[in-house]
Amino acid sequence: MGFLDLSHLEKSFGTTRVVKDFNLSVEQGEFVSFLGPSGCGKTTVLRMVAGFETPSSGSIRIDGQEVTGLRPNQRNIGMVFQAYALFPNLTVAGNVGFGLRVAGHPKAEIAARVEEMLSLIGLPELGERYPFQLSGGQQQRVALARALAPRPRVLLLDEPLSALDAKIRVSLREEIKQIQRKLGITTIFVTHDQEEALSISDRIVVMHQGIADQTGTPFEIYNTPTTRFVAQFVGTLNTLDAKVLDAATGQIQIGEVPVALNRALPGANGAISLALRPEVVALGRREGHGVVLEGRISEVHFLGSVIRIRVDVAGHIVSLDTFNRPDAPPPAVGSTAEISVSARDLLVLAD
Amino acid sequence: MTRRLVSWIILVLGATYFILPLFGMFNFSLKMKRGVLSFEAYRVVLNDPQFQQTFGYSVILALLTIVLGVLIVVPTAYWVRLRLPGVRPYVEFITLLPLVIPPIVIVFGYIRLYNTSSILPLTGSWMGTNILILFGYAALALPYMYRAVDTGLRTIDVATLTEAAQSLGAGWTRILATVILPNVLVSVLSGAFLTFAIVIGEYVYAALLNLNTFGPYMVWMGGNRAYEPSALAVIAFGITWACMGLINLFTRFSKHTKAQK
């Protein structure tokens, strides 16, 4: 039993099941992200927690209290929307104090809390401004302060950074994480941006077609994806086809090159798919990289500190990242190259 | 060059067509005293206790109509936008009906439905008749009110603002009063001023329900006096124009809506 428990949540719109048997237990103070492509059901789950959608079946409990049947305004939940949704007729202070006024707190207390929240988000001077006088990043911070002011039990963030430009997105996400940690508030964050999810979360739920494919820490999700979808959606992934020579000892063959994985491949026979992250592949031979493959450079992207190179290995494109070194210019497109990888970094995809 | 000249001529002709009768009426209204131009007719009209009484009555009716109209239209337009977008064309059609059904038909219908031998004998008492005309006027104002409010609602993200307010603990009444209404206030006001102008000059309902509002008074004046009706018409005109001016003024000076432009 966690602080926020979602058990067997289902949601159908007409005949389409958008959320299928969703189970999750979130600890108090935990930061959990729902990650997935659009239409995967992540926002629907969030909206069910908020009370804007009624689950077709299943239950939602917050701190042991059953809230499935409660209206949104009875749940004591803070929510931040992608489109900010600040009340245009109220000042920043009016917006932040809205929830407390609804709850009927005395004026002096509201004023003090508003001041506290505004300094928490780093905009103590802007209380008298109207939303239209603020930048997008400032508006979203005000929206965060407004959601937090009534001390909600759970904070829900519905793609709060998607409408902002890249630089502010990064700084605001760090700020959100800081504030969340400082207040220790249980938070669910919905995003389709894997970098966002990986950098900010304690745990990530990767969703796909209404199902939670995998739940785990960012480290687990990235390094040991359990399904092909998770592996491909989170981070860049190279896939290679291989032939199994001996499943018991892990002998396989990539193209013409025999490779010893040194681990058993239960249930695998014939062809399997291997996956590898760009950062585990090295250009040229390297110590500890037992697997060496021949290929031809097909693309070179100079990204500044990192150079992303695509190599054509027996018909498969393998992306790899190397750090920029001023004394070593990137290889020419079309030249032949060797790439090497350690056998233990080759992931075997389950399906 | 000639095209410009033609445009100017057309403009002048058009303006003359509108302004000349007004000027003639205004000029006539100043001629109550033989040989001199004076505001004598206005003095007489404004000092007439019947004028004060009927005009005051109409103003009160107009204000009550506006309140009733806002109470009916704002929640309806809001709910239609939020939950029933499919029925919007039908609601819009219904609100347009008062424009295509002559007031005389509506008021005859009222009298048939609510006469003293009906289940709800509203015409039987003074209070009942007032309530009846109030609802009648609210119906008359529907086309202007609904369109204005609906247009106002289009400029804000109704669904998300509602959800934001709900997640902060607000119920429907509070959402309507503190989130929706303030944000469509400019639209509500422009609808309200139109309503005011319509109710002030309305004749048919009042005459057939036998209420002494400003409309019947103007008609009575027109049949019995020479100069005063012109003065009255100019006054009524001034009120209408003042309403139009106020619409513009409010649109310009509303603080938080500037950003959307």
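What's counted below: heavy atoms across the whole structure, side chains too, no hydrogens, waters or symmetry copies. Chain identifiers are assigned alphabetically (A, B, ...) following the order of the sequence lines, protein sequences preceding nucleic acid strands; residue numbering begins at 1 within each chain. Given the structure is predicted, the values throughout are model-derived calculations rather than measurements.
- Between A/E109 and A/R113, no side-chain nitrogen of the basic residue sits less than 4.0 Å from a carboxylate oxygen of the acidic one, so the salt-bridge criterion is not met.
- For A/D202 and A/K177, the salt-bridge test passes: some basic side-chain N is under 4.0 Å from an acidic carboxylate O.
- With a 6.0 Å radius and a threshold of 12 heavy atoms from other residues, nucleotides or ligands, A/F3 has its CZ atom above the threshold.
- Contacts between A/F98 and chain B at a heavy-atom distance below 4.5 Å involve the side chain alone, from C-beta outward.
- Heavy atoms of A/R71 lying under 4.5 Å from chain B are absent altogether.
- In this structure, chain B has a heavy atom under 4.5 Å from the backbone of A/L86, while its side chain stays farther away.
- Applying the 6.0 Å contact sphere to OH of B/Y90 captures no more than 12 heavy atoms from other residues, nucleotides or ligands.
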